[in-house]
Amino acid sequence: DTAVSQTPKYLVTQMGNDKSIKCEQNLGHDTMYWYKQDSKKFLKIMFSYNNKELIINETVPNRFSPKSPDKAHLNLHINSLELGDSAVYFCASSQNQGNQPQHFGDGTRLSIL
Amino acid sequence: QQQVKQSPQSLIVQKGGISIINCAYENTAFDYFPWYQQFPGKGPALLIAIRPDVSEKKEGRFTISFNKSAKQFSLHIMDSQPGDSATYFCAASVSGGYNKLIFGAGTRLAVHP
């Protein structure tokens, strides 16, 4: 049983296209996150949702729009993809009580041609 | 003030040796300091974490040392094994800050047999 699962694992697309990445967690957590890991492996938070409410929104271009249909799912939609969007995107989840461990998915590698 | 600085960028250790990775922070409001381990093609996974009310925490071969006055903390891996070869990230967050983790830049550890 995969705790945090992301689809697709790989995404190769052309500049200017719109794409979505899906994330689901079966841990019963109430908080989910999106992180971006660049080519130098630097890991930075983008968004966080708690019970479907946006609670962290870092300085991210508004081409990126997260959507949380329920607390077990957090999707990321990206419009008008640019070369600089090439990265590995990680979804994570945790309980929002103090500093609880975050559980990460295995990432979606996005490559923009 | 939000940065967490991590060094070294890469580390090569012989099997059985001690691996030491260091991190420093500026924001004195940080009160939770986890270390994450990431294998190629996988998401980061929590390894060990410490709060500033203790100076050291040990779990098996992994130890965190924490120096509150110097605003530094480090990860020591005793009896390093080839299976420990991975990228290690330190991180920091503030209680009540929506579990927002600020990651260091990562250290790529290679343990040679």
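None of these values were measured; they are calculated from a predicted model.
- Cluster annotation: Ile64(B) and Val54(B) are assigned to the same hydrophobic cluster (Ile/Leu/Val/Met/Phe/Trp/Tyr, side-chain heavy-atom contacts under 4.5 Å, transitive).
- Heavy atoms closer than 4.5 Å to chain A are found in both the backbone and the side chain of Ser95(B).
- Using a 4.5 Å cut-off between heavy atoms, Phe39(B) does not touch chain A at all.
- Transitive grouping of hydrophobic side chains (ILVMFWY, heavy atoms separated by less than 4.5 Å) keeps Leu74(A) and Ile55(A) in distinct clusters.
- Between chain B and the residues Lys44(A), Gln102(A), Lys40(A), the largest count of heavy-atom pairs under 4.5 Å involves Gln102(A).
- With hydrogens and angles ignored, the 3.5 Å screen pairs no side-chain donor or acceptor of Gln38(B) with any backbone N or O of Lys41(A).
- Your options are Ser48(A), Pro101(A), Gly107(A), and the one with the most heavy-atom pairs under 4.5 Å with chain B is Pro101(A).
- With rounding to the nearest 0.5 angstrom, the OG atom of Ser93(A) is 10.5 Å from the CG atom of Asn99(B).
- Residues Leu101(B) and Tyr89(A) do not share a hydrophobic cluster, defined by chaining ILVMFWY side chains whose heavy atoms lie under 4.5 Å apart.
- Top candidate by heavy-atom pairs under 4.5 Å with chain A, chosen from Gln9(B), Arg108(B), Arg51(B), is Arg51(B).
- Clustering ILVMFWY residues whenever any of their side-chain heavy atoms sit less than 4.5 angstrom apart, transitively, puts Leu76(A) in a cluster other than the one holding Phe90(A).
- Comparing Ile56(A), Val88(A), Ile45(A) by how many heavy-atom pairs each has under 4.5 Å with chain B, the most go to Ile56(A).
- Of the atoms belonging to Pro44(B), heavy atoms from both backbone and side chain fall under 4.5 Å from chain A.
- Dense packing is recorded around CD of Glu59(B), with more than 12 heavy atoms of other residues, nucleotides or ligands lying under 6.0 Å away.
- Both the backbone and the side chain of Ala105(B) come within less than 4.5 Å of a heavy atom in chain A.
- Residue Phe103(B) comes nearest to Leu43(A) through the heavy atom pair CB-O, 3.6 Å, listed as atom of the first residue, atom of the second, then distance.
- More than 12 heavy atoms of other residues, nucleotides or ligands sit less than 6.0 Å from atom NZ of Lys9(A).
- Judged by distance alone, the side chain of Tyr32(B) and the main-chain N or O of Gln100(A) form no donor-acceptor pair under 3.5 Å.
- Under the 4.5 Å side-chain heavy-atom criterion for ILVMFWY residues, no single connected hydrophobic cluster contains both Phe47(A) and Ile102(B).
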